[in-house]
Trainee: 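For reference, the structure I am asking about is given below.
In the text below, chain A, chain B and the rest are named by the order of the sequence lines, each starting its count at 1. From a predicted model like this one, the values you see are computed outputs, not experimental measurements.
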2 protein chains.
Amino acid sequence: MFFLKELPSREILQSYQTRFPAMNVDNVHDALHMLRQASLLMRQLDNYFAANDLSTLRYLILIVLEREDLPEGLMVSELAERVDVSRPVMTRTVQTLVDDGLLATRACDNDGRIKRVRLTVAGHDTLNRVLPGYYQLIDRFMASDTRL
Amino acid sequence: MFFLKELPSREILQSYQTRFPAMNVDNVHDALHMLRQASLLMRQLDNYFAANDLSTLRYLILIVLEREDLPEGLMVSELAERVDVSRPVMTRTVQTLVDDGLLATRACDNDGRIKRVRLTVAGHDTLNRVLPGYYQLIDRFMASDTRL
DNA sequence: CTTTGTTGATTATCATGGTAACTATATGGA
DNA sequence: TCCATATAGTTACCATGATAATCAACAAAG
């Protein structure tokens, strides 16, 4: 994600308001502020995960699997649904996590179409290694956030 | 951008808190909520711009140029700086906007390295066509937002 | 005036998101 | 049973972000 370095001031938004009366200056101002804050936090998170051989998506897959904690694991399509990403992207990303030893897959006995994905021990370990710094990063970001 | 469909409840965050005492439950909760809201709004904006032969980046380039309103226009690197995107991406995207007739470029007289980018009439028209719906979309999103 | 370094823009390549189309398996009705 | 349809996963391809390397033009020092 990315966003404007310098957001439009309220004065500039006011001038747009005369051109487009439907707009609400406060709502637009708040929305732009939120988008920028989210953009900055996402960038920090991306960098943090990248420094730990992960990505935001790879992390989310691990955390979802840990949270569900099903011995059978989850289907690729269930993961895609929960993380809100397309199935082809999930297929590809799960494959890289299997290659890296953080996930394991098994064919389903009853249904030949289904592949079940679960965390390996290394996957659990990676999560435990990464989570403290993740929470710390969020804490610091929110503490320094000059919200309205 | 993307994000979890279902965020961890406060209870789940509490249980993580016992494992990782450094984390602040409220901060993490607020941060995750913000990230998801931003993700949902970004998706709506992306769809809106795509339906108007734009993208978020293409829109931002147009709005920055209109806001600065310099007859000479802006350099590619100045645009990249303001929109917070890499210069190669800016080069590529400016080129597509020139191809579509929304921007025009001119070499600088004094300095052969510099290329100045400015809005065409069609570029201005596109902005004016797109802005009302853009503000309306943001207004509606913020109005429906169940913030904390 | 030439060499050296800097700056603006671009090219090449990679990463990671998406959609469309395909394969294999399962399911349900004629 | 057999065919039509649906579902899970994948493959192929495209869009758009990044970084590293390259090219051309400028500037400054010897």
Trainee: Quick one: ring-ring contact (aromatic ring centres under 6.0 Å, His included) partners of A:Y134, sequence neighbours excluded?
Mentor: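 A:F49, A:Y59.
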
Trainee: So which heavy atom on B:L62 is nearest to which on B:T126, and how close?
Mentor: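 That would be CD1-CG2, 4.3 Å.
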
Trainee: Could you run down nucleotides 3-9 of chain C 5' to 3' and tag each one B, S or - for protein heavy-atom contact under 4.0 Å?
Mentor: ---BBBS

Trainee: Are B:S86 and D:dT19 close enough that a side-chain N or O sits under 4.0 Å from OP1 or OP2?
Mentor: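 Checking B:S86 against D:dT19: no side-chain N or O falls below 4.0 Å of OP1 or OP2.
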
Trainee: Is A:R36 paired with B:D84 through a side-chain N to carboxylate O contact shorter than 4.0 Å?
Mentor: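 Salt bridge: no.
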
Trainee: Among residues 96-107 of chain B, which residues get a heavy atom nearer than 4.0 Å to DNA chain C?
Mentor: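 Nothing qualifies; none.
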
Trainee: Can you tell me which nucleotide in D:dA18, D:dC13, D:dT10 comes closest to the side chain of A:R92?
Mentor: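 So the nucleotide nearest the side chain must be D:dC13.
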
Trainee: Taking only residues two or more places apart in sequence or in another chain, which ones pass salt bridge (charged side-chain N to carboxylate O under 4.0 Å, His left out) with B:R92?
Mentor: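 In terms of salt bridge (charged side-chain N to carboxylate O under 4.0 Å, His left out), with neighbours along the sequence ignored, B:R92 is linked to no residue.
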
Trainee: According to side-chain contact (heavy atoms from CB on, under 4.5 Å), who are the partners of A:S55, at least two apart in sequence or on a separate chain?
Mentor: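 With neighbours one apart ignored, the set is A:L57, A:R58.
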
Trainee: Give every residue pair that meets the ring-ring contact (aromatic ring centres under 6.0 Å, His included) criterion with at least one member in residues 65-94 of chain A, sequence neighbours excluded.
Mentor: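 Matches after skipping sequence neighbours: none remain.
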
Trainee: Within the distance-only criterion (no hydrogens, no angle test), does the side chain of B:T93 pair as donor or acceptor with the backbone N or O of B:M90 below 3.5 angstrom?
Mentor: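 Not confirmed, B:T93 side chain does not pair with B:M90 backbone.
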
Trainee: Tell me, with the steps shown, if B:D111 and B:M75 meet side chain to side chain contact (heavy atoms under 4.5 Å, CB included).
Mentor: CA-CA 12 Å; B:D111 190 330; B:M75 292 165 38; over 6 Å; no

